[in-house]
Amino acid sequence: MSADDYLHKLADFLRTQPATSELTYEDISRATSREELGISSLNIILVLVNYIKEHADNSVTLKPEWVSRLNDVDGIVSVLREIDESSREQARA
C-alpha cells in the first residue's frame, strides 16, 4: 500500500471515531502534526487501540517506541503500516 493509500485509510478510520469523526482526507493530507488536526495525545492512543481491535483482531500490542512517532501525520501512518504488517505476520504464524 502506498503512503497515499494509508492516508486514505487513516482518514476513513478517523471518521469512525467519536473524537475525530469530522476530519476529512483533505484535512489529514494538509496537516503535518496531530495537533493541527486537533487530536490530543490521549485520543491518538485510543484511536490506535480501536484500530488494533478492528484491523489486527487484538493480535498486536501497543509499543512504547510508537509514542514519539504519534506527533506527526507521517509517524501515525507509519505506525498503522507497522500494525498491519505485524497483524499479517501473526496470521501467517
Side-chain angles (χ1 to χ4, degrees):
M1 228 190 248
S2 73
D4 190 56
D5 290 336
Y6 266 97
L7 278 179
H8 279 285
K9 188 172 189 173
L10 174 61
D12 291 343
F13 189 72
L14 290 177
R15 277 195 300 274
T16 69
Q17 303 301 296
T20 57
S21 62
E22 300 295 319
L23 293 174
T24 65
Y25 169 79
E26 290 76 21
D27 295 331
I28 295 164
S29 65
R30 281 192 304 263
T32 57
S33 70
R34 79 173 158 71
E35 283 184 353
E36 287 177 60
L37 296 171
I39 303 173
S40 70
S41 56
L42 175 59
N43 279 333
I44 197 62
I45 297 297
L46 294 174
V47 164
L48 282 184
V49 167
N50 291 335
Y51 186 88
I52 290 169
K53 284 179 186 176
E54 186 173 316
H55 292 273
D57 198 27
N58 284 327
S59 65
V60 177
T61 57
L62 290 172
K63 297 180 181 181
E65 59 267 22
W66 289 348
V67 173
S68 64
R69 293 165 44 196
L70 298 175
N71 289 322
D72 61 69
V73 173
D74 289 339
I76 295 167
V77 167
S78 72
V79 169
L80 294 186
R81 187 181 304 249
E82 190 173 325
I83 291 168
D84 289 350
E85 289 170 2
S86 294
S87 177
R88 284 190 295 273
E89 288 174 14
Q90 292 288 335
R92 285 188 286 244

**Q** Would you say that R34 contacts I76 through its side chain, given a criterion of any heavy-atom pair below 4.5 Å between the two side chains?
**A** yes
**Q** Please report the shortest heavy-atom distance between S21 and P18, naming the atom on each side.
**A** OG-O, 3.7 Å
**Q** Tell me yes or no: between the side chains of D84 and S87, is some donor less than 3.5 Å from an acceptor?
**A** no
**Q** Any chance you could measure L10, atom CG, to D12, atom CG, to the nearest 0.5 Å?
**A** 9.0 Å
**Q** Keeping the roles fixed (side chain from D57, backbone from S59), state whether a donor-acceptor pair exists under 3.5 Å.
**A** no
**Q** Identify the heavy atoms of R81 and M1 that sit nearest to each other, and give their distance.
**A**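 Looks like NH1-O, 3.0 Å.
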**Q** Which heavy atom in I52 sits nearest to a heavy atom in V60, and how many Å separate them?
**A** CG2-O, 3.1 Å
**Q** Identify each donor-acceptor pair in which a side-chain atom of residues 38-49 lies under 3.5 Å from a protein atom, sequence neighbours left out, and give them as a table.
**A**
residue: S40; atom: OG; partner: N43; partner atom: N; Å: 3.0
residue: S40; atom: OG; partner: N43; partner atom: ND2; Å: 3.3

**Q** Should the pair Y25 and H8 be assigned to parallel (<30°), tilted (30 to 60°) or perpendicular (>60°) ring geometry?
**A**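 Plane angle under 30°, so parallel.
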**Q** Once you round to the nearest 0.5 Å, how far does CD of E54 lie from CZ of F13?
**A** 5.0 Å
**Q** So how far is it from L80 CG to H55 NE2, rounded to the nearest 0.5 Å?
**A** 8.5 Å
**Q** Would you name the heavy atoms of L14 and I28 that are closest together and state the gap between them?
**A** CD1-CD1, 3.6 Å
**Q** Looking at CD1 of I83 and OG of S78, how far apart are the two atoms once the value is rounded to the nearest 0.5 Å?
**A**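 Rounded to the nearest 0.5 Å, the CD1-OG separation comes out at 9.5 Å.
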**Q** Should the heavy atoms of other residues, nucleotides or ligands under 6.0 Å from CD of E36 be counted, would the total exceed 12?
**A**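 More than 12 heavy atoms, drawn from other residues, nucleotides or ligands, come within 6.0 Å of this atom.
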**Q** Is it the case that over 12 heavy atoms from other parts of the model lie below 6.0 angstrom from the CD atom of E22?
**A** no
**Q** Taking all non-hydrogen atoms of both residues, which atom of N58 and which atom of K53 are closest, and how far apart?
**A**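 Here N58 and K53 meet closest at OD1-CG, 3.2 Å.
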**Q** Looking only at non-hydrogen atoms, find the nearest pair between L7 and V73 and report the distance.
**A**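 For L7 versus V73, the nearest heavy atoms are CD2-CG1, 3.7 Å.
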**Q** Going by side-chain contact (heavy atoms from CB on, under 4.5 Å), name the residues that satisfy it together with E82, two or more places apart in sequence or in a different chain.
**A**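 Testing E82 for side-chain contact (heavy atoms from CB on, under 4.5 Å), a comparison that skips the adjacent residues, returns K63, W66, R69, S86.
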